[in-house]
Every structure is written in C-alpha cells, then in structure tokens.
Amino acid sequence: RLELHHSSLTPEQLISCIMNVEPPEIYLMEDVKRPFTEASMIMSLTKLANKELFLMISWAKKIPGFVELSLTDQVHLLESCWLEVLMLGLMWRSVDHPGKLIFSADLKEEGNCVEGIMIIFDMLLAATTRLRELNLQKEEYVCLKAMILLNSSKLSDAALHHSPAWSNSPYTMAEDLESRGKLQLLLDSMTDALVWAISKQGLSFQLQSTRLAHLLMLLSDIRHISGKGMKHLSDMKNKNIVQVSDLLLEMLTNTT
Ligand code: AOE
C-alpha cells in the first residue's frame, strides 16, 4: 500500500491509490415488494443511499490529501456532491446493461416502473448511454468521481466567512485559506491523473484533447441531473417520504 504523501504521488500512483479505495458492491438485502409504488421505490432507494453514503465518507477520507483539508471544507464538499457521486457510480454500474439502472446487485430497474421518477431515470439512462459511447475506462471513472468531490465547491464565500454552528474547533480565516489552497492542488493533481489515464490509450494528441473535453462535459450533465434529483427529493420530503440521515459530521470526525 502507498503511504507516500499525496503531493509526492505520480499520476499513476494517484490512480492506483484511488482505484484501491473504490467502495465495495452493495446489497440491499431486503424483499423488494413489487410492483413498486413511487413511495416504496423511494423507500428502497433511500435505504440504499444511506448505505452508500456511509461508504462514500470513508471513500472520501481515503482520497490522498482529503483529510488534510479543514473539516469545514470536508463537510461542504461532501454535502454538495453526494448525489452527483451516487449518480456517477450508478451510471458506471449500469454501463454494460443498456436500458437498465443497476442501483444495487439486488435492485435493478427497467425504468417504466414508477411514474414520478421516470423523468430522472430517463436522464440517468441517457447519461449512461453517453458513458457507453465514450467507452469510459475504470481509471477515468475513478478520476472523474474524485474530481466531482473536489470540484463541488458550493464552498463559496458564505462557507468561508461563517464558522458553522456545529464547529466547536474555531477555524481561523488563515486555516480556511490554506485549506482552499490545498484543495486547488488536489484538484490539479487529479486533473493530471485524468490526463495521464487518457494518454495511456494510444490516441492522437488531438483525440486526447477531445476526449478530455467530452469527459469533463459529462460532469456538467451529472450536475444538471443531480439538481433535478434534488428537486425531486425535496418535493418528496414535503410528502414525508425521505428521512434524512444526519451522520455526516460524526462520521468525518470519528477516526477510523
Ligand atoms: C442515485 C444513485 C444511487 O446510487 C442511489 C440513488 C438513490 C436515490 C435516487 C438517486 C440515486 C437517483 C435519483 C432519484 C433518487 C430518488 C429520487 C430521485 C431517483 O429522482 C437517492 C436517495 C436519496 C436519499 C436521501 C438520503 C439522505 C441524504 C442526506 C445527505 C446529507 O444530508 N448530507 C449531509 C450529505 C452526506 C454526505 C455523505
């Protein structure tokens, strides 16, 4: 296992490191009652998402350099990217199953099952088709997922200037700025890693640049779909279907 400091990792080492910290496959382990209603479907998906969020936090903590960011930044990054990260994972699992969304090994959806979720399912399926057309490689996938996390800067000025109420360690402005600098370096090394992953494929220089552009454009599609998904989820919440888990801070601060 690599124990080097992240700043001394080559792109190749960084990729093999983030390949190694990929979360395991998830099983829902419950009888899924069919036919689904929108409510029961969302219920199952919420259970799944809660399991995945647990794994996502330990995944993030194993990305070289992430835990050296301020706790405020760690929280804001995860808070703003979690659905995008879940969605990219879902697309990756589904890439070899045209027309299906592989939510988990035991929850696979053909789409036409539930009215309310249909529109978002269709967007997820379309984006998955795009991944398939691009023949996305695993090395590229893990880079993109880490880039979603590191680039999810809802960390705008508001986050910088107010210490959140839950923060009992008073972060200074200087520490926040230092963390922001580290974040930029992390994002840059992840970009280098993606460029390296593309360059391995023996494409012409021209095609490498085009591929990089296509892969990065996927990220804006994913952010768009995530926005729609959030809207859908908050509509649900008003109907009291989704119960929100509040474990994030606890999980980030506990040292495992
Ligand atoms: C996509 C991928 C995936 O692996 C799972 C799911 C499950 C639900 C799906 C979503 C998806 C795709 C889009 C859907 C959505 C349901 C409705 C929407 C179909 O149209 C998402 C279920 C989300 C459940 C919410 C769980 C609470 C999250 C709270 C997060 C939070 O508060 N914090 C602080 C962040 C924690 C970061 C780790």
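Side-chain atoms are counted along with the backbone in the values below, which use heavy atoms only and exclude waters and symmetry mates.
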**Item:** Distance, nearest 0.5 Å, that separates CD1 of Ile148 from CG of Leu218
**Value:** 9.0 Å
**Exam field: side chain Asn20 to backbone Ser16, donor-acceptor pair closer than 3.5 Å** = yes
**Message:** For Trp59 versus Pro23, what's the shortest heavy-atom pair and its separation?
**Reply:** CD1-CD, 4.0 Å
**Leu215 side chain near Leu144 side chain, heavy-atom distance below 4.5 Å** = yes
**Prompt:** Can you check whether Trp196's main-chain N or O pairs, donor with acceptor, with Ser199's side chain at less than 3.5 Å?
**Reply:** yes
**Asked** Between Ala146 and Ile63, what is the shortest heavy-atom contact and its length?
**Response** CB-CD1, 4.1 Å
**Prompt:** What do the steps show when you test Lys47 against Glu52 for side-chain contact (heavy atoms from CB on, under 4.5 Å), and what is the final call?
**Reply:** CA-CA 9 Å; Lys47 281 185 186 151; Glu52 291 188 276; over 6 Å; no
**Asked** Between Lys61 and Glu68, does at least one N-O distance fall below 4.0 Å, as a salt bridge requires?
**Response** no
**Message:** Main chain of Leu216, side chain of Ser220: is a donor-acceptor contact present, judged purely on distance under 3.5 Å?
**Reply:** no
**Asked** If you look only at pairs with a residue in residues 79-104, which of them pass as a ring-ring contact (aromatic ring centres under 6.0 Å, His included), with sequence neighbours excluded?
**Response** Trp92-Tyr141, Phe103-Phe121
**Asked** Side chains of Leu69 and Leu186: closer than 4.5 Å at any heavy-atom pair?
**Response** yes
**Asked** Okay, side chain of Glu84, backbone of Ile222: is any donor-acceptor separation there less than 3.5 Å?
**Response** no
**Item:** Flag, side chain of Thr128 to backbone of Ser94, donor-acceptor distance under 3.5 Å
**Value:** no
**Request:** Report yes if some heavy atom in the side chain of Phe66 is under 4.5 Å from a heavy atom in the side chain of Leu78; otherwise report no.
**Result:** yes
**Pair Arg180 + Asp176, salt bridge at N-O below 4.0 Å** = no
**Message:** If you apply the rule side-chain contact (heavy atoms from CB on, under 4.5 Å), what do you find for Lys200 with Gln137, and how did you get there?
**Reply:** CA-CA 11 Å; Lys200 277 202 320 178; Gln137 301 298 297; over 6 Å; no
**Fill in**
For Ile102 and Leu90, the nearest pair of non-hydrogen atoms, with its separation, is O-CD1, 3.4 Å
**Message:** Lys228 vs Ile119, test: side-chain contact (heavy atoms from CB on, under 4.5 Å). Steps then yes/no.
**Reply:** CA-CA 9 Å; Lys228 298 288 182 191; Ile119 306 148; over 6 Å; no
**Item:** Exercise: identify the closest heavy-atom pair between Ala127 and Ile225
**Value:** CB-CD1, 3.9 Å
**Request:** Please check if the side chain of Arg211 supplies one atom and the backbone of Leu134 the other of a donor-acceptor pair under 3.5 Å.
**Result:** yes
**Message:** Evaluate Glu22 against Lys138 for salt bridge (Lys or Arg N to Asp or Glu O under 4.0 Å), listing each step before the verdict.
**Reply:** CA-CA 11 Å; Glu22 267 298 283; Lys138 175 121 190 214; 5.0 Å; no
**Asked** Does Ile42 offer a backbone N or O that forms a donor-acceptor pair with the side chain of Thr46 under 3.5 Å?
**Response** yes
**Prompt:** Does the side chain of Leu86 reach to within under 4.5 Å of the side chain of Met56, using non-hydrogen atoms?
**Reply:** yes
**Item:** Ile57 side, atom CD1; Lys62 side, atom NZ - distance, nearest 0.5 Å
**Value:** 12.0 Å
**Item:** Gln206 CD: over 12 foreign heavy atoms closer than 6.0 Å
**Value:** no
**Prompt:** Same cluster or not: are Val67 and Leu185 linked, directly or through other Ile, Leu, Val, Met, Phe, Trp or Tyr residues, by side-chain heavy atoms under 4.5 angstrom apart?
**Reply:** no
**Item:** Thr10 backbone acceptor or donor facing Gln13 side chain under 3.5 Å
**Value:** yes
**Asked** Does one hydrophobic cluster hold both Leu53 and Leu55, with members joined at side-chain heavy-atom distances below 4.5 Å?
**Response** yes
**Request:** Indicate whether any N or O donor in one side chain lies under 3.5 Å from an N or O acceptor in the other, for Glu79 and Gln74.
**Result:** no
**Asked** Taking the side chain from Ser80 and the backbone from His76, do they hold a donor-acceptor pair closer than 3.5 Å?
**Response** yes
**Message:** Distance check, rounded to the nearest 0.5 Å: Ser70 atom OG versus Glu175 atom CD?
**Reply:** 8.0 Å
**Item:** Where Pro64 and Ile18 come nearest, the two heavy atoms and their spacing
**Value:** CD-CG2, 4.1 Å
**Asked** Where do Thr129 and Val95 land on the side-chain contact (heavy atoms from CB on, under 4.5 Å) test, with the steps shown first?
**Response** CA-CA 7 Å; Thr129 301; Val95 80; over 6 Å; no
**Message:** How close do Leu14 and Ala193 get, counting heavy atoms only, and between which atoms?
**Reply:** CD2-CB, 4.1 Å
**Message:** What's the separation between atom CD1 in Ile120 and atom OG in Ser226, rounded to the nearest 0.5 Å?
**Reply:** 10.0 Å
**Request:** Flag the pair Leu219 / Arg223 as yes when at least one side-chain heavy-atom distance between them is below 4.5 Å, and no otherwise.
**Result:** no
**Prompt:** What is the distance from atom CD1 of Ile198 to atom NE2 of His214, rounded to the nearest 0.5 Å?
**Reply:** 11.0 Å
**Asked** So do the side chains of Val195 and Pro11 get within less than 4.5 Å of each other, counting heavy atoms only?
**Response** no
**Distance (rounded to the nearest 0.5 Å) between Cys81 SG and Lys145 NZ** = 10.0 Å
**Request:** State whether the side chain of Lys51 and the backbone N or O of Ile26 hold a donor-acceptor pair below 3.5 Å, judged by distance alone.
**Result:** no
